[in-house]
2 protein chains.
Amino acid sequence: MKTAPKTRDIVNVNTRERILNAAEVLFAEHGFERASLRALTAEAGVNLAAVNYHFGSKAGLIRAVFERRLAPLNAERLNELAALERAARGGPLPPERIIEAFFGPVLRMSMDRRPAARGGSTQRDRGAGSGHRFIRLLGRAHTESRQAMRELLEAEYVEVVERFKAALTRALPQVPEKELAWRMHFTLGAMSYVIAGTDAVQLSASYEVRQSEHPESVMKRIVPFLVAGLTAPLPEAGERGAGANAPANGRRDDRNAERKAA
Amino acid sequence: MKTAPKTRDIVNVNTRERILNAAEVLFAEHGFERASLRALTAEAGVNLAAVNYHFGSKAGLIRAVFERRLAPLNAERLNELAALERAARGGPLPPERIIEAFFGPVLRMSMDRRPAARGGSTQRDRGAGSGHRFIRLLGRAHTESRQAMRELLEAEYVEVVERFKAALTRALPQVPEKELAWRMHFTLGAMSYVIAGTDAVQLSASYEVRQSEHPESVMKRIVPFLVAGLTAPLPEAGERGAGANAPANGRRDDRNAERKAA
DNA sequence: GTATGATTCAAACGCTCGTTTGAAATTCCC
DNA sequence: GGGAATTTCAAACGAGCGTTTGAATCATAC
């Protein structure tokens with residue numbers, strides 16, 4: 001067909017990477033099941049059998065797609081957290097810094113719109129950057145329910161989750177461990193939803209909201225939201241608290257009112 | 001095979017409902033793609049062709065599964081909201097009541113563990129209640145990216161979203177419309193993640209957290225979290241507020257840049 | 001009882017999928 | 001330059017999918 005890779009580019013793009021790049025695109029676009037190896041290898045301009053030759057199976061390919069990007073991403077998260085802790089000299093970190101260290105690398109990667117890895121996209125170039133594509137894929141993976149996918153992500157995430165949980169525990173000593181686990185769960189949900197970009201309920205009229213918003217502005221919006229949630233008054237304590245009836249002014253400088261609970 | 005439905009039960013369970021019930025189970029368990037009509041009709045104890053006879057196609061079946069439950073669910077949401085507004089006599093509602101009106105019906109439905117609809121589950125009875133099953137399915141649908149699914153949900157949700165958005169706008173007048181749209185987006189993300197029950201990153205050690213937790217206690221935890229987020233200090237305004245300790249480096253002083261909105 | 005319409009059934013159709021195969025092409029190394 | 005290893009290729013395999021078909025069965029009204 002349109003395979004012109006007889007004459008290799010100056011920078012020879014090997015088959016493995018072409019497959020990985022095409023897989024990122026198509027998995028993000030159609031999901032893991034619906035993206036067929038035939039469509040995928042056509043997009044990459046390689047032979048159908050190449051996937052099984054290089055990755056053993058489709059499942060192996062999926063694993064490789066994640067390993068290629070998730071490891072550096074999580075390493076960056078840990079780096080940022082370590083830098084914060086170094087700067088804090090043993091003191092607790094501000095929760096917003098922790099959130100930023102976790103979410104920032106993802107958002108920054110989602111801004112990465114350089115052409116894929118090593119001059120890859122030979123076929124029709126989709127313009128979208130490799131990072132951006134992977135982040136969409138990652139969001140999808142977060143809400144995936146297949147056992148294999150869960151295990152794959154869990155393995156990659158285990159250290160990151162441990163470290164960030166510890167940091168948050170120190171940053172929010174007034175929040176009991178169980179409560180904090182739940183709040184991290186809510187936090188992860190909000191984040192996943194955002195990076196997945198698949199708001200099934202497009203908020204109707206305000207649909208345009210998400211369109212063409214810059215990642216930095218997303219960060220500016222989500223961090224206060226999550227920090228407020230993480231530091232919210234504890235549920236079991238007293239009244240329903242928060243901005244309850246006397247609502248309006250989101251001010252709530254009663255911040256450390258949440259003294260309750262050990 | 002094990003099909004004994006020659007002798008109908010006293011309460012005749014018609015084929016349509018048996019299919020819908022089995023579809024709920026298997027779609028929730030394996031997803032829409034992976035759950036085949038063959039497995040589904042076997043579970044229901046009906047003939048393979050019955051799906052196409054009664055629902056036209058697999059897509060028609062999916063649509064029917066949602067319509068059967070989503071319409072009543074959203075009607076209940078609107079009812080609760082209307083009751084709140086009646087009680088408030090024109091005044092703004094407390095945000096936590098609005099959250100509860102939106103999330104409550106879902107959580108309550110997830111507690112519904114009565115046997116399916118009309119004595120349905122003839123095959124091996126899975127014990128799980130029909131409501132519970134559907135909610136898991138709904139959570140999955142929320143993170144689904146297929147165009148048809150998005151449109152289906154959007155159609156069912158459009159009125160609910162409009163009404164709740166209006167209520168929140170009135171309850172939180174200090175939050176600009178665009179900011180509120182984003183915060184609703186985050187809110188929906190946290191909710192979807194919870195009801196989907198597919199936390200890919202199981203928070204490792206605290207994995208047991210989500211296990212066997214009662215819905216009411218989930219509600220008690222998530223409502224303060226979300227209300228705090230919805231009423232958080234605005235990002236462009238003044239300090240990062242919240243529980244921010246003081247210190248740390250990353251201070252960005254460009255604060256009130258961005259004077260946007262209405 | 002018999003005609004009529006609705007429903008169920010076993011079987012097959014056409015298609016796409018992931019994977020395998022064995023030969024051809026290419027690359028590598030001496 | 002030649003032999004071995006690696007990589008690519010066209011083709012096919014076998015399985016599973018959603019759907020269709022046409023006859024058998026059932027329910028209902030005369």
Side-chain angles (χ1 to χ4, degrees), chain A residues 1-23 26-27 29-65 118 120 122-123 146-149, chain B residues 1-23 26-27 29-65 118 120 122-123 146-149:
Chain A
M1 302 305 160
K2 69 281 296 269
T3 59
K6 242 332 102 77
T7 74
R8 309 289 247 232
D9 299 346
I10 292 177
V11 183
N12 181 354
V13 180
N14 66 39
T15 303
R16 265 187 70 96
E17 283 190 358
R18 295 168 67 113
I19 293 175
L20 287 172
N21 291 335
L26 294 188
F27 286 160
E29 212 162 281
H30 304 113
F32 302 106
E33 327 255 343
R34 298 165 64 88
S36 72
L37 292 189
R38 280 170 177 81
L40 198 149
T41 49
E43 169 83 14
V46 305
N47 186 272
L48 169 60
V51 170
N52 288 275
Y53 177 76
H54 285 285
F55 302 97
S57 66
K58 187 177 185 178
L61 171 59
I62 295 176
R63 211 174 309 120
V65 165
R118 303 206 302 137
T122 52
Q123 308 283 103
R146 279 165 53 206
Q147 183 66 18
M149 178 60 61
Chain B
M1 302 302 167
K2 67 284 296 276
T3 59
K6 244 330 108 70
T7 72
R8 312 287 247 229
D9 300 344
I10 293 177
V11 182
N12 181 354
V13 179
N14 65 38
T15 302
R16 265 188 68 97
E17 283 190 359
R18 295 169 67 114
I19 292 175
L20 287 173
N21 291 336
L26 294 189
F27 285 160
E29 212 162 280
H30 303 114
F32 301 107
E33 327 254 344
R34 298 164 64 89
S36 72
L37 292 188
R38 281 171 176 81
L40 197 151
T41 50
E43 169 83 15
V46 305
N47 186 272
L48 169 61
V51 170
N52 290 276
Y53 178 79
H54 284 286
F55 300 98
S57 66
K58 188 177 185 178
L61 170 60
I62 294 176
R63 209 174 309 121
V65 165
R118 302 207 304 140
T122 52
Q123 308 282 103
R146 277 167 54 207
Q147 184 64 19
M149 179 58 62

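Just so you know, these numbers use all the heavy atoms, side chains as well, and skip hydrogens, waters and symmetry mates.
- In this structure, CG of B:L40 is placed 17 Å from P of D:dG16, rounded to the nearest angstrom.
- The CD atom of B:E33 sits 18 Å away from the P atom of D:dG16 (whole-angstrom rounding).
- Contact annotation: the side chain of B:N52 approaches that of B:L37 to within less than 4.5 Å [non-hydrogen atoms, C-beta and beyond].
- In this structure, CZ in A:F32 is found 12.5 Å from CD in B:E33, a value given to the nearest 0.5 Å.
- Here the side chain of B:S36 is nearest to one of D:dG18, D:dT19, C:dA10, namely D:dG18.
- The side chain of A:T15 places no N or O atom within less than 4.0 Å of a non-bridging phosphate oxygen (OP1 or OP2) of D:dT7.
- Applying the 3.5 Å distance criterion, the base of D:dG18 shares a donor-acceptor pair with the side chain of B:R38.
- Looking at heavy atoms from C-beta onward, B:R63 lies out of side-chain contact with B:F55 at the 4.5 angstrom threshold.
- Comparing atom distances between the B:H54 side chain and each of C:dT7, D:dT20, D:dC9 picks out C:dT7 as nearest.
- At whole-Å resolution of the value, NE2 in B:H30 and P in D:dC17 are 11 Å apart.
- Each of B:Y53 and A:V51 was matched to the nucleotide of DNA chain C holding its nearest heavy atom; the match closer to the 5' end belongs to B:Y53.
- The listed nucleotides are D:dA12, C:dT21, D:dT8; the one nearest the side chain of A:L48 is D:dA12.
- Atom CG of A:N47 and atom C1' of C:dG18 are 14 Å apart (whole Å).
- Counting heavy atoms from C-beta outward, A:Y53 and A:V46 have side chains that stay 4.5 Å or more apart.
- Of the candidates D:dT20, D:dT8, C:dT20, the closest approach to any side-chain atom of A:A49 belongs to C:dT20.
- At whole-Å resolution of the value, CZ in B:F55 and P in C:dT7 are 12 Å apart.
- Protein atom NZ of A:K58 is 11 Å distant from nucleotide atom C1' of C:dT16, rounded to whole Å.
- Rounded to whole Å, the distance from CG on A:N52 to P on C:dT20 is 6 Å.
- Nucleic acid contact class of B:A50 (heavy atoms, under 4.0 Å, all strands): none.
- The distance from the CG atom of A:N21 to the CG atom of A:L40 is 10.5 Å, given to the nearest 0.5 Å.
- A straight line from CG of A:N14 to P of D:dT7 spans 10 Å, rounded to a whole angstrom.
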